[in-house]
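Residue numbering restarts at 1 for every chain, and letters A, B, ... go by the order of the sequence lines. Below, each value reflects all heavy atoms present in this structure, side chains not excepted, and no hydrogens, waters or symmetry copies.
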There are 2 protein chains.
Amino acid sequence: MSVTDIVWRMTTTNSNPPLTPAVFHILLSLSSGERHGYGIMKQVEVDSQGKVNMGAGTLYGSLKRMLDAGLVKESDKRVDPEMDDERRIYYRITGVGKKALAAELERYRHIVGVAKKLRLFPETFAYDV
Amino acid sequence: MSVTDIVWRMTTTNSNPPLTPAVFHILLSLSSGERHGYGIMKQVEVDSQGKVNMGAGTLYGSLKRMLDAGLVKESDKRVDPEMDDERRIYYRITGVGKKALAAELERYRHIVGVAKKLRLFPETFAYDV
DNA sequence: CATACTATATCCGTAACGGACATAGCTGTC
DNA sequence: GACAGCTATGTCCGTTACGGATATAGTATG
């Protein structure tokens, strides 16, 4: 099932199948502001504590699919004319993108809850709440 | 990067790249007990609130890779001879599998934390803690 | 007696991924 | 000033992962 299929299903059947990790991380990185490709890569690295290193192929391939699916849009934002890096294309998350991200985050939170019930995390102390 | 590569990297360099969603969910389902293929599928459905429907190809393909990588083992457990469904093969999680699962769960928990800081979850109430 | 569910497993087309490569400007340093 | 390293975009292509169809067969329900 492609990303486009997932969004189609989301908007028509109200069911939310999981996003791919790449798509998820791109959406997460864009939820703290508009970013260009390279900026997304760096932010994903930060958000994941360096654990996810997204290759250029994954990034630009995913962005293309996400544009088709309406999860992100190209922003009108352009850089200050002085520092003219005109190649930069900024992306921003759309309403559909926010909805998809929220559903996926809920899935993450639920799984963490399941894992806690199974005592798969080392015990936390009272002051650790 | 294959699952085997990920485990090799884990055990040699102490770095933990993400698991694929399928591998992760299989490990999670096995952390609450030994299960056979079909049982894994059903448990994944439960753990994910029906959001992840794992195809047979994904399941048995992933299990094969996970056996190679040492994340799971075939169990000696066999069914009561009376109800002889002898085809059943039970799987259990190994030490390496537990370590991989723990690292991945930590990644999930961290991401949920990041999302909370970004206020991407609807506000929770005091009694909701 | 047909349908549905349990159960294992393979096959194959599609989707996703990652790294190499191409290109190019900018910065710092030896 | 040459050279390394970083920013920046993007394509290409081989590998990996995934999902559904299919095959097979037993059990249970109506």
For A:I6 and D:dC18, give me the distance from atom CD1 to atom C1', rounded to whole Å.
-> 11 Å
Separation of C:dT6 atom C1' from B:E45 atom CD, nearest Å, is 13 Å
Just checking B:V3: base, sugar-phosphate only, or nothing, at a heavy-atom cut-off of under 4.0 Å?
-> sugar-phosphate
Could you check whether the rings of A:Y90 and A:H36 sit parallel, tilted or perpendicular, using 30° and 60° as the cut-offs?
-> perpendicular
Just how far, in rounded Å, is P of C:dT6 from CZ of B:R35?
-> 14 Å
Given C:dA15, D:dC18, D:dG10, the nucleotide with the shortest approach to the side chain of A:Y91 = D:dG10
Hey, can you pull the residues of residues 61-73 of chain A with a non-hydrogen atom under 4.0 angstrom from DNA chain D?
-> none
Under 4.5 Å between side-chain heavy atoms, hopping through other hydrophobics if needed: is there a path connecting A:W8 to A:V72?
-> no
Using modelled atom types only, decide if a donor and an acceptor are shared between the side chain of A:T94 and the backbone of A:L71 within a distance under 3.5 Å.
-> yes
With distance as the sole test, does B:T11 use its side chain to make a donor-acceptor pair with the main-chain N or O of B:V7 at under 3.5 Å?
-> yes
Is there a donor-acceptor pair under 3.5 Å between the side chain of A:R92 and the backbone N or O of A:L30?
-> no
Are any protein N/O atoms closer than 3.5 Å to N/O atoms in nucleotides 19-21 of chain D? If there are, list each pair with its distance.
| residue | atom | partner | partner atom | Å |
| --- | --- | --- | --- | --- |
| D:dG19 | OP2 | B:T58 | OG1 | 3.0 |
| D:dG19 | N7 | B:T58 | N | 3.4 |
| D:dG19 | N7 | B:T58 | OG1 | 3.3 |
| D:dG20 | O6 | B:G57 | N | 3.2 |

Considering residues, nucleotides and ligands other than B:K51, do more than 12 of their heavy atoms fall under 6.0 Å from its NZ?
-> yes
Side chain of A:D68, backbone of A:R65: donor and acceptor closer than 3.5 Å?
-> no
side-chain N/O A:Y38 vs D:dT9 OP1/OP2, d < 4.0 Å | no
Could you give the OH-to-P distance, from B:Y90 to C:dT8, as a whole number of Å?
-> 8 Å
Expressed in angstrom and rounded to an integer, what is the separation of A:H25 atom NE2 from C:dC17 atom P?
-> 11 Å
Linking I/L/V/M/F/W/Y whenever their side-chain heavy atoms sit closer than 4.5 Å, directly or via other members, would B:M1 and B:M10 fall into one cluster?
-> no
Taking the side chain of A:T20 as its heavy atoms from C-beta onward, which of C:dC17, D:dT16, C:dA9 lies nearest to it?
-> C:dC17
Rounded distance in Å - CE (A:M41) to P (D:dG10) | 13 Å
Using whole Å, report how far CG of A:L19 lies from C1' of D:dC18.
-> 15 Å
Rounded interatomic separation in angstrom, taking CG from B:D5 and C1' from D:dA17 = 14 Å
Flag, side chain of B:H110 to backbone of B:E106, donor-acceptor distance under 3.5 Å = no
Shortest side-chain distance from A:K42, nucleotide among D:dT7, C:dA16, D:dT16 | D:dT7
